[in-house]
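This report concerns only the one structure given below.
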Amino acid sequence: MVSVGPEVMSFGRRIPMLAAEHPDKIAIVFAPKGGPPERPVSWRELDRTSNRMARLLERRGLDASGLLAVALHNRPEHLMLTIAGWKLGACVLPLSPSLPGKEREQTLEAARPRLVVADWEDAGGTTVVRAAELERIEDFSDAPLPDRIPHPGKAIPSGGSTGRSKIIVKPDPWLKTVGKAAGERGHLWGFRPGQTQLITTRLYHNMPFNWSTFGLFDDHTIVLMEHFDAGYAIDLIERYRVDWSQFVPIIMKRIAEHPDFKTGDLSSLRAVFHSGAPCPPWLKRVWMDLVGPKNVWEAFGGAEDAGVAVIRGDDWLRHPGSVGWAWECAMKILDEDFQEVPRGEVGEIFMRPHDPTPTYRYLGSPPAKTTPDGFISLGDLGSMDGDGYLYHADRRMDLIVSGGANIYPAEVEAALSEHPDVVDLAVIPVPDDEWGKRVHAIIQPRDPASPPALEELDRHCRARVAAHKCPKSYEFIETLPREPTGKIRRSALAAERESGWTPAMLRVGTGAAASSSHAEAGSGIIDHRRAAR
């Protein structure tokens, strides 16, 4: 039996409470792809519709012992279904509605959900509730439901370092705090009750899923974008007076580079939180100039909640490049023998929460690497300065060893991202006869018809990082492939270039692109403007 105090409660209790307090207040504003008009959802509608959905799911076999997979695009029904699942005491797993067949099969095999809400034709034998059925729920009662506490309540998909699908389950009771305790908890992130929050990325990713649902619990109005568009995001911030948002750096970059960023009224923003990928220092400074250093927050961790580092903008200015200090956890930087490395030296990041209660459980994968004394690694590399601040180097799986030197793509990407003609980029290793692995940069130029000259990019990079870290070859593409969450599809990029040379690759210093045979013959000059098209 879970003991629930006055400041701790379930979503199934909290949502009806807010609906009773202000039934006509707007809980969700849905911003559809293509722009206005937006669709408002009141607290009354959120509560009553989620009650109807809960009864539909219950009729289809969902109860507190089951897992509900929600595979919908961003829209209010996604959040309504999540709350409906929690009102039944079930665990909720958000999934991409666009999962390809093999990955879908692996994910469902690992998760074994009781129900899937999607428009999938094949769900591996799992019962599927078609999205269209959600429009025909008027016959179900919208009366209040008994208060049930999900245990567990949340699961999140992850590809992991192996690329094989796994599920991360949060194993504790799904309860949150309200009142004074909630304000103290959120103060660390600039997150407070009663705010208006903008969601720009897909709800099946851990960060937007968490912050949108936590926001509803804390009486936020959630402005939910169906599909990210920088200009529309700026317009929504201005018109709805958004005062808090969480971003991944690529979203921050696209907003900051939009013409309306300088002319629009973004004065309502009180705080910005970012995570999920390295943020180039120049970009972080742009946002600190907008909202003030004390209002830009960054966190480094994982969905496993094995530990987190936190830093505020003014603290970052004193420790430039850091991702923060250990918050409610202990942190070590260890070598391959689990021995601590000297301060300033790169090793593997291990964290251990102060609370000894397990913070995650994997479905479809063995546990994460763990030391004998309980420190957990999620595969990230970094260093710690003399004051205990963490500096993230890169993922171990992304590390490039070229000519015996360790090169971290994130550092090179941060340098190249400062070039005004670079819209997006990825730095990956490719096979090389001389170096073993060669540093290769894939650039999305601002003007595909006239990308920057290789010599210019090389000079730009060498002015910011050591020469041996700079790319030895470049490639220009129209659009860099990213997940909807903003993460670069690095494994796909590397797999497409596993031969080491393709006709589109350009060797620094020669202006030439060479296949393996071209490299051997020393021929095959390709104009880089033509190769970019």
Side-chain angles (χ1 to χ4, degrees), residues 74 94-96 154 156-161 166 168 170 188-191 197-215 224-225 227-228 230 233 244-256 271-284 286-288 296-313 316 321-324 327 349 351 360 368 377-382 390-398 408-411 413-414 417 424-427 480-491 493:
N74 280 18
L95 292 178
S96 168
K154 187 193 84 169
I156 286 289
S158 172
S161 60
K166 69 171 179 264
I168 304 169
K170 183 75 172 168
L188 186 65
W189 324 99
F191 184 93
Q197 177 188 161
L198 176 67
I199 296 291
T200 59
T201 50
R202 306 297 174 86
L203 289 173
Y204 63 81
H205 186 53
N206 187 53
M207 192 165 65
F209 182 80
N210 277 351
W211 289 118
S212 60
T213 54
F214 293 173
L224 177 64
M225 298 190 75
H227 179 79
F228 173 72
W244 190 91
S245 190
Q246 52 82 23
F247 297 119
V248 292
I250 187 61
I251 296 294
M252 296 167 70
K253 184 174 187 289
R254 289 174 180 170
I255 291 176
V272 168
F273 171 89
H274 71 88
S275 186
C279 184
W282 70 267
L283 180 60
K284 195 176 184 86
V286 167
W287 283 87
M288 286 193 289
V296 174
W297 292 88
E298 180 176 3
F300 171 82
E304 290 86 347
D305 288 337
V308 64
V310 179
I311 195 163
R312 197 172 69 177
W316 183 90
S322 173
V323 293
W327 180 64
I349 302 168
M351 297 184 184
Y360 78 98
S377 168
L378 301 180
D380 289 283
L381 301 173
L390 177 65
Y391 294 76
H392 181 221
D394 225 318
R395 296 281 296 170
R396 178 175 288 279
M397 63 185 294
D398 295 330
Y408 304 102
E411 181 184 9
E413 289 169 356
S417 73
D424 203 359
L425 81 152
V427 171
L480 197 74
R482 285 183 176 269
E483 300 290 346
T485 57
K487 293 186 177 181
I488 298 170
R489 294 172 178 164
R490 294 182 183 274
S491 59
L493 290 172

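All of these numbers come straight from a predicted model, not from anything done at the bench.
One distance of note links NZ of Lys154 with CG of Asn206; it measures 4.0 Å at 0.5 Å rounding. Rounding to the nearest 0.5 angstrom, the gap separating the CD1 atom in Ile250 from the CD1 atom in Ile488 is 7.5 Å. In this structure, the separation between CZ on Phe300 and CD1 on Ile311 is 13.0 Å, given to the nearest 0.5 Å. Interatomic distance, NE2 of His205 versus CD1 of Ile199, reported as 11.0 Å (0.5 Å rounding). Separating the CE atom in Met351 from the CG atom in Leu390 is a distance of 5.5 Å, to the nearest 0.5 Å.
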Show the numbers, then the answer: is there a side-chain contact (heavy atoms from CB on, under 4.5 Å) between Met207 and Val248? CA-CA 9 Å; Met207 192 165 65; Val248 292; 3.8 Å; yes
Please test Gln246 against Phe191 for side-chain contact (heavy atoms from CB on, under 4.5 Å), starting from the C-alpha separation and ending with a verdict. CA-CA 10 Å; Gln246 52 82 23; Phe191 184 93; over 6 Å; no
Begin with the C-alpha distance, continue with both residues' side-chain angles, and end with the deciding distance and a verdict on ring-ring contact (aromatic ring centres under 6.0 Å, His included) for Trp327 and Trp189. CA-CA 12 Å; Trp327 180 64; Trp189 324 99; 5.2 Å; yes
Where do Lys170 and Asp305 land on the side-chain contact (heavy atoms from CB on, under 4.5 Å) test, with the steps shown first? CA-CA 8 Å; Lys170 183 75 172 168; Asp305 288 337; 2.7 Å; yes
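The two residues Ile251 and Thr201 make their nearest non-hydrogen contact at CG1-CG2, 4.0 Å. When all heavy atoms of Leu493 and Leu480 are compared, the closest pair comes out as CD1-CD1, 4.4 Å. Here the shortest heavy-atom pairing between Thr213 and Asn210 reads OG1-O, 3.1 Å. Scanning all heavy atoms of the two residues, the minimum distance from Leu283 to Pro249 falls at CD2-O, 3.4 Å. Nearest approach of Ala393 to Ala410, heavy atoms of both residues: O-CB, 3.7 Å.
There is a side-chain donor-acceptor pair under 3.5 Å between His392 and Asp380.
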Tell me which donor-acceptor pairs under 3.5 Å the side chains of residues 274-282 have, and how far apart each pair is, sequence neighbours excluded?
from, atom 1, to, atom 2, distance (Å)
His274, NE2, Lys284, NZ, 2.8
Ser275, OG, Ala299, O, 2.7
Trp282, NE1, Ser417, OG, 3.0

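Residues Phe228 and Arg254 have side chains in contact (heavy-atom distance under 4.5 Å, counting atoms from C-beta outward). Glu304 has its side chain within reach of Leu378: a pair of non-hydrogen atoms, C-beta onward, lies under 4.5 Å apart. Side chains of Trp211 and Phe273 form a contact here, defined as non-hydrogen atoms less than 4.5 Å apart. Residues Arg202 and Phe209 form no side-chain contact, since every pair of their non-hydrogen atoms from C-beta on lies 4.5 Å or further apart. Two residues are said to be in side-chain contact when any heavy atoms from C-beta on lie closer than 4.5 Å; Leu203 and Pro94 fail this criterion. Between Leu198 and Met225 there is a side-chain heavy-atom pair separated by less than 4.5 Å.
Ring geometry for Phe247 versus Trp287: interplanar angle of 30 to 60°, hence tilted.
Residues Asp424 and Arg482 are paired through a salt bridge, judged by an N-O separation under 4.0 Å between the basic side chain and the carboxylate. Salt bridge annotation for Glu413-Lys253: absent, with no cationic side-chain nitrogen under 4.0 angstrom from a carboxylate oxygen.
Between the side chain of Tyr360 and the backbone N or O of Ala368 there is at least one donor-acceptor pair closer than 3.5 Å.
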